[in-house]
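So that the names make sense, note that chain A is the first sequence line, chain B the second, and so on, each numbered from 1.
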Amino acid sequence: MIALLLRDLRLATRAGGGFGLGLAFFLILATLVPLGVGPETDRLAPIGPGILWLGALLACLLSLDRIFALDLEDGSLDLLATAPIPLEGVATVKALAHWLTTGLPLTVVAPALSLLFFLPTTALPWLVLSLLIGTPALSWLGTFGAALTVGLKRGSLLLSLLVLPLYIPTLVFGAEVVRRGAEGLPVGTPLAVLAAITLGCFALLPFASAAALRINLR
Amino acid sequence: MTYAVTDLACRRGQVTVLRGVSFALAPGEALVLRGPNGSGKTTLLRTLAGLTPPVEGAVDPETCAYVAHADGLKGQLTVAENLAFWARIFGTADIGPAVGAFDLGPLLHRRAADLSAGQKRRTSLARLPLTGRPVWLLDEPTVSLDTETVARFGQVVAGHLAAGGMAVLATHIDLGLPETRALDVSRFAAARQEPAATSDPFAEAVE
């Protein structure tokens, strides 16, 4: 399984691997919004948490269709399914690799981008923490969606339609954590709900993704 | 150990293609699947590999190594990286013997995307010994190989058989294997029954 993780990370960083695509999208979105909305502090600060979380979510969405589709095209997925690793493990590694190449870089650059939105410094730890806790759920839900739509022609459009509604709770509670953090309110409840969503994804989606893969491979 | 299946029924999509497939292989034996295009050779091999669940009967995919039509190589990785990855997945330490058997030494540090179709095929076949599994399931393994490489591949398969391995091949080319039996797949053709139009759309998902 570590071999698979290393291979996926290596593929992501090689030419055409798509590493940095989501990150670049996130950077551009976070730069364009202040340009479009106007540079006033009292207008940008309230929408900052929502925009940053929305940007992270859309950036995650960009690379989802590659998770299984490339392996299906070149036949590796068939071979992985016959390998001595369970498909649940394959799905877990794929989700982890997606998070390491998308969610983690987003979390790292988010504090720098929050300057563009005049977010108070009190909100920064909560921004990083909420992204750190919330983005694994985005990767997991996306992996599940990718497993469902693998092998479908034009599947990436369907994938977005399937996955975006599932992203709503993470978006709501993730942005809420940052908003409350910015206003100095207690953040315990939304943070706990966010963590619960992520833990639920970890518990259920390996099995759901593996089942979806088995159906699509036959 | 022997490898046997009894009364296997295989399907492709919703349609049951083969019924009552039975055969047994002793160590060192190879079975060549014959039959016209569309008779179910690939379907049978995919079922044996555990990719498609059988409609009836049982298979043991844990003993099988499967080579499909697609090569399963990553173009951005070198030949050595591709092989080392599959070796680690199957828990084999050394890719050296496989590299030697398929004469991949000069290609080891080329990207798989830069290989010719035949070289890709050779790399893909070199994965077989790395799996360490006794039964090789080969679906048209010689596609785009030149005659010299076909002969070399025949020797590798023969070596595997001599070491007590087994093989099930779908091929139209004579690999020069000593112990082969032919199995005509069209013998097992199931009466085509199209699924009823009113069938439950969720049946496939929950069965």
Side-chain angles (χ1 to χ4, degrees), chain A residues 1-20 66-90 92-94 97 101 144 147-152 162 207-218, chain B residues 10-14 42-43 45-55 59 61-78 81-92 111-113 120 124 127-128 130-133 135-137 139 202-207:
Chain A
M1 295 226 273
I2 291 167
L4 182 60
L5 180 66
L6 291 177
R7 184 199 71 156
D8 274 15
L9 293 180
R10 190 179 279 168
L11 282 173
T13 48
R14 292 270 164 102
F19 177 72
R66 310 173 59 96
I67 294 182
F68 291 115
L70 295 180
D71 276 346
L72 183 81
E73 270 167 31
D74 63 21
S76 317
L77 197 56
D78 278 353
L79 296 166
L80 278 176
T82 59
I85 333 173
L87 274 177
E88 287 81 1
V90 172
T92 306
V93 169
K94 290 279 180 183
T101 52
F144 171 58
L148 271 181
T149 55
V150 69
L152 290 180
L162 280 174
F207 305 102
S209 307
L213 280 178
R214 281 196 190 97
I215 290 171
N216 279 326
L217 279 179
R218 54 170 68 155
Chain B
C10 315
R11 66 188 220 173
R12 185 168 53 222
Q14 295 277 334
T42 296
T43 306
L45 286 172
R46 284 184 70 87
T47 308
L48 293 176
L51 290 168
T52 312
V55 182
V59 291
E62 299 287 306
T63 55
C64 298
Y66 174 60
V67 163
H69 291 276
D71 289 322
L73 301 175
K74 288 293 174 193
Q76 301 100 308
L77 302 183
T78 64
E81 286 170 333
N82 269 301
L83 290 178
F85 163 66
W86 289 106
R88 284 192 66 186
I89 289 284
F90 282 93
T92 324
R111 290 195 322 150
K120 278 185 190 157
S124 172
R127 194 164 36 209
L128 280 167
L130 295 178
T131 61
R133 291 185 166 180
V135 184
W136 290 1
L137 306 172
D139 195 354
F202 295 106
E204 191 187 7
V206 295
E207 71 186 13

Just so I know, are the side chains of A:Leu6 and B:Arg88 near enough to count as touching, which here means a heavy-atom distance under 4.5 Å? yes

When rounded to the nearest 0.5 Å, the distance separating CZ of A:Arg14 from CZ of B:Arg111 is 8.5 Å

Donor-acceptor check, side chain of A:Arg10 to backbone of B:Gln76, threshold 3.5 angstrom: yes or no? no

OG1 of A:Thr82 to CG of B:Leu48, rounded to nearest 0.5 Å, is 12.5 Å

For A:Ala83 and B:Arg133 the tightest heavy-atom approach is C-NH2, 3.9 Å

Correct closest heavy-atom pair for A:Leu80 and B:Phe85 would be CD2-CZ, 4.2 Å

Bottom line for B:Leu73: the part with an atom under 4.5 Å from chain A's heavy atoms is backbone

Heaviest contributor of heavy-atom pairs below 4.5 Å to chain A, chosen from B:Gly91, B:Gly72, B:Ala87, is B:Gly72

All heavy atoms of A:Asp74 vs all of B:Ala70, minimum pair found to be O-CB, 3.7 Å

When every non-hydrogen atom of B:Ile89 is compared with those of A:Ile85, the smallest separation belongs to CD1-CD1, 3.3 Å

The reported gap from CG in A:Leu70 to NZ in B:Lys74 (rounded to nearest 0.5 angstrom) is 5.5 Å

